[in-house]
Amino acid sequence: MKFFLDTADVDEIRDCLPLGIVDGVTTNPSLIAKTGRPFEEVAKEICEMVDGPVSLEVVSTEAEGMVKEGKKFAKIHKNIVIKVPMTPEGMKACRIMTKSGIKINTTLIFSANQALLAAKAGTYLTSPFLGRLDDIGEKGTELIKEIRQIYDNYGFKSQILAASIRSPEHVKEVALFGADIATMPFKVYEQLFKHKLTDKGIKQ
Ligand code: G3P
């Protein structure tokens, strides 16, 4: 199972590097805006730090605009993956960019059928948003089980990237349910190391 950091903060990424367990990074326009730095500069720096996929999200809502943005982002570094939303226009853009060799991360997935559509459109990564399903009273991690089964039934190669992860419990459940990747905020990554009996054992 791969771990991605859901951040655009290069200090957080740097902190994790010595352990060698961060396999990629996911960002979105709000995370990049939070850094107060130019988009391309941050993206490039992240790509040079992490040897794995780095997702950058488009903001256009029409396929044509998404493809234009995606092609521009893809030139920044070979590890860039383009994040497009789960809409018909997003899936059109997914098909076009996939054909030209650009990898796609389909984001804002909230149902198994949406994950099926994304796989059929050739997405490289499928991002179900767990925390946001929990927010509306559903059990987000159940969606991972469903997508896993569907992808295995048909041999879809798209990787399930569990996103909108809010807690170590989410990480455990998505690992049990067969997600290929969990992308998490730095705070959750730090919490994974913690157990009160570990602290107590060290003191003893
Ligand atoms: O991985 C997606 C993430 O950036 C959104 O998380 O917590 O805003 O639902 P959240």
Side-chain angles (χ1 to χ4, degrees), residues 1-13 15-16 21-37 39 42-43 45-47 49-50 52-61 66 69-70 73 79-87 90-91 94 103-112 114-115 118-119 123-148 158-175 177-192:
M1 188 195 190
K2 294 177 205 153
F3 277 4
F4 285 7
L5 275 188
D6 194 31
T7 187
D9 183 332
V10 291
D11 292 331
E12 290 184 349
I13 298 169
D15 222 75
C16 305
I21 54 179
V22 172
D23 305 296
V25 171
T26 49
T27 70
N28 59 43
S30 340
L31 288 173
I32 295 196
K34 245 168 60 183
T35 68
R37 298 174 57 199
F39 184 90
V42 183
E45 191 172 345
I46 295 174
C47 288
M49 295 172 84
V50 180
V54 174
S55 292
L56 297 183
E57 187 166 346
V58 298
V59 292
S60 304
T61 51
M66 291 182 203
E69 280 182 78
F73 295 165
N79 289 351
I80 298 285
V81 173
I82 307 301
K83 232 177 176 184
V84 301
M86 168 31 73
T87 59
M91 293 306 89
C94 172
K103 289 179 176 157
I104 300 298
N105 173 356
T106 305
T107 189
L108 293 169
I109 300 256
F110 293 99
S111 76
Q114 290 179 324
T123 197
Y124 174 64
L125 303 172
T126 296
S127 292
F129 272 37
L130 312 180
R132 293 195 196 176
L133 279 169
D134 291 357
D135 290 343
I136 60 159
E138 295 187 22
K139 178 130 175 65
T141 51
E142 285 297 311
L143 181 55
I144 301 295
K145 273 192 208 164
E146 295 179 352
I147 302 174
R148 179 76 283 150
S158 312
Q159 296 176 57
I160 305 171
L161 190 166
S164 180
I165 280 185
R166 308 264 175 82
S167 66
E169 187 62 18
H170 273 154
V171 178
K172 182 186 83 181
E173 287 186 15
V174 304
F177 300 160
D180 298 289
I181 308 158
T183 189
M184 63 198 89
F186 182 68
K187 197 178 120 214
V188 173
Y189 165 83
E190 283 186 311
Q191 288 169 346
L192 294 180

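Computed from a prediction, not measured in an experiment: that's the story for all the values here. As the structure lists them, so they are numbered: ligands from 1, and atoms in each ligand from 1.
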> Just to verify, which of T106, I147, T126, N105 counts as forming a side chain to side chain contact (heavy atoms under 4.5 Å, CB included) with S158?
T126
> May I ask you to check whether over 12 heavy atoms, not counting those of K34, lie within 6.0 Å of atom NZ?
no
> List the atom of M49, the atom of V10, and the distance in Å for their closest heavy-atom pair.
CE-O, 3.4 Å
> By the salt bridge (charged side-chain N to carboxylate O under 4.0 Å, His left out) test, which pairs, at least two apart or in different chains, include something from residues 3-12?
D11-R14
> Once side-chain hydrogen bond (donor to acceptor under 3.5 Å, both in side chains) is applied, what residue pairs with a partner in residues 181-192 remain, sequence neighbours excluded?
T26-T183
> Partners of D135 by side chain to side chain donor-acceptor pair (under 3.5 Å), sequence neighbours excluded?
R166
> Tell me, which residues have any heavy atom less than 4.0 Å from some atom of ligand 1?
D6, N28, F129, R132, A163, S164, R166, T183
